[in-house]
Amino acid sequence: MTISPDTPVAVVTGASSGIGEATARTLASQGFHVVVGARRLDRLETLAGEIGGTALALDVTDDDSVAAFTAVLPRVDVLVNNAGGAKGLAPVADADFDDWRWMWETNVLGTLRVTKALLPKLVASGDGLIVTITSIAAFEHYDNGSGYTSAKHAEAVLHRTLRGELLGQPVRLTEIAPGAVETEFSLVRFDGDEARAAKVYEGITPLVAQDVADVVGFVASRPSHVNLDQIVLKPRDQASGSRFHRS
Ligand code: NAP
């Protein structure tokens with residue numbers, strides 16, 4: 001990876017679609033060399049070509065993959081923990097253990113793996129920033145959503161705990177908690193069922209990935225003494241995880 005020593009480096013996990021892809025484009029436009037990671041390397045390579053960044057295969061659920069990804073990074077100024085998602089929508093009585101494992105491995109342990117591995121480089125940058133994309137599911141729970149809401153609560157607690165543990169270190173931490181954003185999120189949640197995924201956004205104007213990316217870009221462009229701790233953003237048509245105005 002050839003990057004001029006003066007160029008700040010931003011790492012975006014889960015950048016092969018949705019919020020991560022839009023965030024990578026925004027940070028690149030702000031002057032960062034963006035390293036994009038996810039499992040679908042073909043998509044990442046196209047994106048990296050367009051933004052002058054670097055594409056690297058990354059599976060946040062795999063120790064060796066995270067180790068290989070983080071080892072080649074010369075410096076890291078910004079880490080966006082974005083890789084994640086939901087699987088299924090089932091009451092606790094019908095909980096699917098594989099779905100729960102996927103959600104906890106990806107959102108919680110994935111964020112832990114990548115953050116832990118990159119912390120030394122973020123501190124060494126002298127002005128590091130960790131942005132974690134949690135969700136309004138990190139603040140609320142809703143019927144049939146406990147696998148996802150519990151994972152997002154846990155991911156948020158990991159992130160919020162670091163805010164205290166890193167006091168005195170040159171690293172800022174921002175949690176961004178979106179409501180409904182139209183991405184591949186619902187398609188993944190419902191195993192590729194397009195009709196079911198489309199119903200989630202029926203009759204509302206959801207957020208788009210760029211709305212969240214704009215917030216990340218704002219956070220990353222604040223002066224280094226300003227720590228934006230938590231930002232919650234929702235569509236106007238959404239009041240909570242389960243309350244929507246549908247036309
Ligand atoms: P998305 O379009 O499905 O994007 C998810 C990204 O995560 C993809 O790039 C996917 O890439 C990556 N990913 C999944 N498993 C991974 C793994 N094991 N290793 C590395 N990357 C992995 O959904 P999105 O809406 O942009 O979601 C981004 C984040 O926002 C997630 O954390 C999600 O929970 C959160 N969020 C979404 C919404 C919403 O309504 N959309 C609301 C609140 C929060 P690969 O499949 O190529 O690996």
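Counting convention: from 1, in listed order, for ligands and their atoms alike.
Taking the six-membered ring for Trp and the full ring otherwise, Tyr201 and Phe244 have centroids separated by 6.0 Å or more.
Taking a cutoff of 4.0 Å between a charged side-chain nitrogen and a carboxylate oxygen, Asp229 and Arg163 qualify as a salt bridge. With respect to Arg40 and Glu184, a salt bridge is recorded, a charged nitrogen being found less than 4.0 Å from a carboxylate O. By the 4.0 Å N-to-carboxylate-O rule, Glu175 lies close enough to Arg160 to be salt-bridged with it.
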Original post:
Under the side-chain hydrogen bond (donor to acceptor under 3.5 Å, both in side chains) criterion, do Thr61 and Asp59 qualify, and how do the steps go?
Top reply: CA-CA 5 Å; Thr61 69; Asp59 182 347; 2.7 Å; yes
**OP:** Take His141 and Thr149, measure what side-chain hydrogen bond (donor to acceptor under 3.5 Å, both in side chains) needs, and give me the verdict at the end.
**Re:** CA-CA 6 Å; His141 53 86; Thr149 55; over 6 Å; no
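Enumerated by chain and number, the residues approaching ligand 1 to less than 4.0 Å through a heavy atom are Gly14, Ala15, Ser16, Ser17, Gly18, Ile19, Ala38, Arg39, Arg40, Leu58, Asp59, Val60, Thr61, Asn82, Ala83, Gly84, Gly85, Thr106, Asn107, Ile133, Thr134, Ser135, Tyr148, Lys152, Pro178, Gly179, Ala180, Val181, Thr183, Glu184, Phe185, Val188.
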